[in-house]
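Lettering of chains follows the sequences in order, A, B, ..., and the numbering in each one begins at 1.
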Number of protein chains: 2
Amino acid sequence: MNILEKITNELDMLSKSERKVAEVILASPNTVIHSSIAALAKQANISEPTVNRFCRRLDTKGYPDFKLHLAQSLANGTPYVNRHVDENDTADEYTSKIFESTMASLELARKSLDANDINRSVDVLTQANKISFFGLGASAIVAHDAQNKFFRFNVPVVYFDDILMQRMSAINSRQGDVVVVISHTGRTKSLVEVASLAKENDATVIGITTTGTPLAKECSIVLSVDVSEDTDLYMPMSSRIAQLALIDVLATGFTLRRGSKFRDNLKKVKDSLRSSRFERKD
Amino acid sequence: MNILEKITNELDMLSKSERKVAEVILASPNTVIHSSIAALAKQANISEPTVNRFCRRLDTKGYPDFKLHLAQSLANGTPYVNRHVDENDTADEYTSKIFESTMASLELARKSLDANDINRSVDVLTQANKISFFGLGASAIVAHDAQNKFFRFNVPVVYFDDILMQRMSAINSRQGDVVVVISHTGRTKSLVEVASLAKENDATVIGITTTGTPLAKECSIVLSVDVSEDTDLYMPMSSRIAQLALIDVLATGFTLRRGSKFRDNLKKVKDSLRSSRFERKD
DNA sequence: AGAAAAAATGAAATTTTATTTCATAATGTA
DNA sequence: TACATTATGAAATAAAATTTCATTTTTTCT
């Protein structure tokens, strides 16, 4: 997609003159988007048709189309890159880096999600007799958050962040129950076991985990939340944030599916909190 | 900067014919960037010079320049914008909208944060005898997450999501203790009281809340996490996600401040979890 | 090495696209 | 209603991009 990267990659597929064009563009892309084909040709010391051929080789329709692609690459080139925190970073620097890589993770996670699986999950959740959310460690808070959210919907919902309770609950599950198992690594033994126990007892098991993990194999539906590997010591687990966003998605899907009568109920819950708060004056 | 917003804003500065152009562009900007001035003129049922004048009125050099701006807006326009979920959205649509507005919130929150306050917070946290995180509802899970994170640092840390425990803990706090109070609205009565109690008992109180709330007034240090108001029924509380990112920032600041010897310790904790997991084969 | 084929390149012609000019129409103002 | 102002489009012009085609360079094969 990013045309600047594409130019870099295909640099050796290009002819000598075309490479001159590439170099001029890579050197100052911001100037190029405001240049005519003639200006660029002159800058690179080659002829106009060569520039045109260069553009076509990059699968664009011609020079104007190429400029459009270039402009777009420049617009979204930097923002959501996963920049690593450095030991000498100032507060401002590491703050920016963490927020940005969190956003990058969200973007990745969004891409790894399949709308079909979300739809199916919302289906089974709306039909469920009882919903349980299980997680450990960082994923425990996601399970907890999910409980908070689904509690408002006035459906039987529990969450456990304790291995024994999870196991007991899984063993007692039955047809019509939905068990949502949350784990970034998808390799935590006890959670994988819990998932398979729940499945054996006829519950529908939804896994919120990374693609292709042992946990994923045990689930009825897998909601893949892939984020970049945290190879970096300083980098926080953005996986839990992506998982939370997914919980929001499921909750939203749930609300939409249940229709308008149901939404009034939601408003009531919101209003009931009012008296515990200081009034705002605006 | 964003030309689409600019068109929307200046819609009433435009003449009748120019507005027709604007409408066509707003309706399908993605088509327009691939249209010639003639095609666009025809589409809007006006003449080519009108299109040209329209472009100039938006402070661009002409039609090609306008298309460049438009292309850039489209490239980074969507992700940041808070698009609202609609009743008839497909799973794919509401998923995208939620992820995108979550990212938008993160961006807003990042802007509202002050590096100085973060620095001071990291200061007091590294010096603390004991750290407590308090939150209720959605913010409870943030407090919980903070405990998980800071627990690894081998410092005395607790979290409470229970009003009474929070209150008792606040009353028992003393000089050198740090109390972190988390609340998006900053108007939850019991939390504001807890903050002031802790302060009376000489604890340093860090507030993670919106600028200018009652809670903010009670705190020694305020970490402002402003996100857009959730006027929309379907829109989830992205505030908690922004708060989590801030916890990551504080934890990172903490690690950096403590220096390298300390980081070895962190690695040990990570390694200790290994035996509870299935090995990966890659 | 040298001839033939293939590929690359640019000058000029052509086509497409955008802009300017100017006359006319629409709108507002006294 | 008459005048001024502004808005608009047809046609002319200018600018930019593309195509054609002849020339040069490079590669391949003997």
*Please list, by residue number, the residues of residues 29-48 of chain B whose heavy atoms come closer than 4.0 Å to an atom of DNA chain D; answer none if no residue qualifies.*
B:Ile46, B:Ser47

*Note: A:Arg110-B:Asp92 ion pair, threshold 4.0 Å (strictly below)*: yes

*Are the side chain of B:Lys67 and the backbone of B:Ser35 linked by a donor-acceptor contact shorter than 3.5 Å?*
yes

*Does the side chain of A:Arg257 pick up a donor-acceptor pair with the side chain of A:Asn119 at under 3.5 Å?*
yes

*Could you tell me from which nucleotide to which nucleotide of DNA chain D, 5' to 3', there is an atom under 4.0 Å from chain A heavy atoms?*
D:dA17 to D:dT26

*C:dT20 C1' sits how many Å from B:Lys61 NZ, rounded?*
16 Å

*Check the distance between C:dT17's P and A:Tyr63's OH and give it to me in whole angstrom.*
17 Å

*What pairs with A:Arg120 under salt bridge (charged side-chain N to carboxylate O under 4.0 Å, His left out), at least two apart in sequence or on another chain?*
A:Asp117

Please report, to 0.1 Å, the donor-acceptor pairs under 3.5 Å made by any side chain of residues 36-46 of chain A, with sequence neighbours excluded.
unit_1  : atom_1 : unit_2  : atom_2 : d
A:Ser36 : OG     : A:Ala38 : N      : 3.4
A:Ser36 : OG     : A:Ala39 : N      : 3.2

*Mind telling me whether A:Phe254 and A:Phe153 have parallel, tilted or perpendicular rings, with 30° and 60° as the class edges?*
parallel

*Closest contact, heavy atoms only, B:Ile33 versus A:Gln72*: CD1-NE2, 4.1 Å

*Does the pair B:Glu18/B:Arg57 count as a salt bridge with the N-to-O cut at 4.0 Å?*
yes

*Does anything in residues 10-19 of chain A reach DNA chain D, meaning a heavy atom under 4.0 Å, and if so which residues?*
A:Lys16

*asked:* Looking at A:Lys111 and A:Asp226, is there a salt bridge between them, counting it only when a charged N and a carboxylate O are closer than 4.0 Å?
replied: no

*asked:* Holding to salt bridge (charged side-chain N to carboxylate O under 4.0 Å, His left out), I want the full list of residues that pass it with A:Arg56, two or more places apart in sequence or in another chain.
replied: none

